[in-house]
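One structure below.
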Amino acid sequence: MFDLLRTLLAYVLILGVLVFIHEGGHYFAARWRGVKVDTFSIGFGPALRRWYDRTGTEWRISAIPLGGYVKPHGFEGPDEATDEQKAAWIPGKTFHDKSVLSRALVIVMGPVFNYLFAILAFTVLFATVGQPQLKDNVASVSVGSAAEKAGLQVGDVITKIGTLPMSGPQDIMGTVSARPGVTTTLDVLRAGHDLTLPVTFGSQPGQESGHRATGFLGIGFAAVPGHPLPVWSAAVKGVEESWLTSERILQGVGQIITGQRSARELGGTIRIAQMSGQVSHYGWASILSFMALLSINLGLINLFPIPVLDGGRLVFYAVEAVLRRPVPKKVQDLGMQVGMALIAALFLFSTLNDLTNLGLFRWLRHLAG
């Protein structure tokens with residue numbers, strides 16, 4: 001029970017901070033561009049606590065901690081606003097009356113703030129504890145393991161698993177973990193020569209009873225300890241790490257879309273909660289690193305060109321800037337409906353993946369049997 005409460009508390013705090021940062025980007029950009037903000041909410045649903053600041057913005061902490069939102073004044077346009085809403089508009093302070101550039105800035109600054117937070121977090125980490133790194137070369141091969149049976153040797157560098165290019169030890173471990181019992185090939189660089197080795201990954205039960213099995217190769221990598229960097233060097237490294245993380249995310253999404261990776265690797269809210277609880281055991285550096293990675297995920301995903309997400313609205317604004325007139329209301333409404341359906345389907349699918357990983361369906365089958 002204590003672990004469950006710790007996991008829930010860590011999840012609420014970590015996600016709450018990242019949502020506040022994302023929505024804070026929208027809020028400060030709106031204020032900068034002269035738009036009044038009606039509501040700033042952390043969470044959805046009924047407000048647990050609310051208060052007003054001197055500008056008239058309603059601040060909320062709401063009951064469902066799955067996100068948040070900022071509502072700019074006059075966000076709804078003249079075509080969709082009620083007479084009551086129109087009567088309450090403050091001239092010069094409405095979102096819909098601002099230029100395309102101003103509206104785009106308000107929207108894009110949410111993801112931008114996520115990236116700024118990630119860069120700052122990485123900078124703090126690299127300036128205080130350094131950047132430990134895993135070497136690409138295999139440092140150990142377990143006796144009797146799948147790696148030994150495949151012929152892997154100390155010093156080998158794994159460049160591909162099946163058709164998937166590997167970007168380093170973390171990519172290798174994540175790919176193997178998601179493929180228990182799978183037979184495939186390893187492309188290996190050994191003493192300057194390329195080799196292809198057939199391999200069947202081992203399988204080991206989940207760490208807790210009922211959890212899905214994970215793949216096992218039986219190799220180890222050597223870690224190079226990090227050393228604190230000067231602040232400027234740490235900042236440059238922070239930008240580089242944010243860029244590389246974004247590349248890895250996009251590469252993984254592309255591989256799932258093309259069928260190179262299983263969609264079962266997608267995780268959702270429950271997975272984030274689990275990971276929040278896990279990193280909370282390992283101290284502030286692990287928590288900050290996890291928050292940086294999660295912030296980049298949140299910022300990047302929001303930039304995807306899907307209506308409902310920030311990226312979808314930016315596409316509408318780009319079209320408006322080119323055509324010099326807004327995208328027709330029917331097209332926007334249809335886009336929003338399609339976007340909502342896609343997001344709902346993705347949420348449902350990732351939640352089913354999470355529940356499968358937790359062993360819920362195996363447990364239900366056991367009860368039924």
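Residue numbers start at 1 and run along the sequence shown. Treat the numbers as computed from the prediction; the structure is a model and nothing was measured. When reading the values below, keep in mind they use all heavy atoms of this one structure, side chains included, and skip hydrogens, waters and symmetry mates.
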Return yes if a side-chain donor-acceptor contact under 3.5 Å exists between W89 and Q85, otherwise no.
no
Donor-acceptor contact present, side-chain D97 to main-chain K93, <3.5 Å:
no
Distance-only donor-acceptor hits, side chain of residues 14-23, under 3.5 Å, sequence neighbours excluded:
from, atom 1, to, atom 2, distance (Å)
H22, ND1, G110, O, 3.4
H22, ND1, N114, OD1, 2.7
H22, NE2, H26, NE2, 3.2
H22, NE2, D310, OD2, 3.2
E23, OE1, V70, N, 3.2

For N137 and F221, work out which heavy atoms get closest and say how close.
O-CD2, 3.5 Å
Joint cluster assignment, I249 & L342, ILVMFWY side-chain distance < 4.5 Å
yes
Spacing of CG belonging to L300 relative to CG belonging to L250, to within rounding of 0.5 Å
4.5 Å
Does the K36 side chain pair with the main chain of A30, one donor and one acceptor, at a distance under 3.5 Å?
no
With sequence neighbours excluded, residues passing side-chain contact (heavy atoms from CB on, under 4.5 Å) with T183
T200
Sorted by first residue and then second, give each ring-ring contact (aromatic ring centres under 6.0 Å, His included) pair with at least one member in residues 283-342; sequence neighbours left out.
none
Scan residues 39-48 for pairs that pass side chain to side chain donor-acceptor pair (under 3.5 Å), counting only residues two or more places apart or in two chains.
S41-S62
If the condition is side chain to side chain donor-acceptor pair (under 3.5 Å), which residues does R313 pass it with, not counting sequence neighbours?
none
Can you tell me how the ring of F95 sits relative to the ring of F75, calling it parallel under 30°, perpendicular over 60° and tilted otherwise?
tilted
With a 4.5 Å limit on heavy-atom distance, are the side chains of I161 and I172 in contact?
yes
Going by side chain to side chain donor-acceptor pair (under 3.5 Å), name the residues that satisfy it together with T57, two or more places apart in sequence or in a different chain.
T55
For N302, what residues pass the side chain to side chain donor-acceptor pair (under 3.5 Å) criterion, not counting sequence neighbours?
none
Which residue pairs pass the side chain to side chain donor-acceptor pair (under 3.5 Å) test with at least one member in residues 148-162, sequence neighbours excluded?
D156-R190
I'd like to check the side chain to side chain donor-acceptor pair (under 3.5 Å) partners of R248; sequence neighbours left out, ordered by chain and number.
E241, T245
Within the 4.5 Å heavy-atom criterion, are V253 and I301 side-chain neighbours or not?
no
Listing, residues 118-127 side-chain donor-acceptor contacts under 3.5 Å, not counting sequence neighbours, or none:
from, atom 1, to, atom 2, distance (Å)
T123, OG1, I119, O, 2.7

D83 CG: over 12 foreign heavy atoms closer than 6.0 Å
no
With sequence neighbours excluded, give me every side chain to side chain donor-acceptor pair (under 3.5 Å) pair touching residues 331-344.
K329-D333
When Ile, Leu, Val, Met, Phe, Trp and Tyr are grouped by side-chain heavy atoms lying under 4.5 Å apart, directly or through other members, which residues fall in the same group as W232?
V236
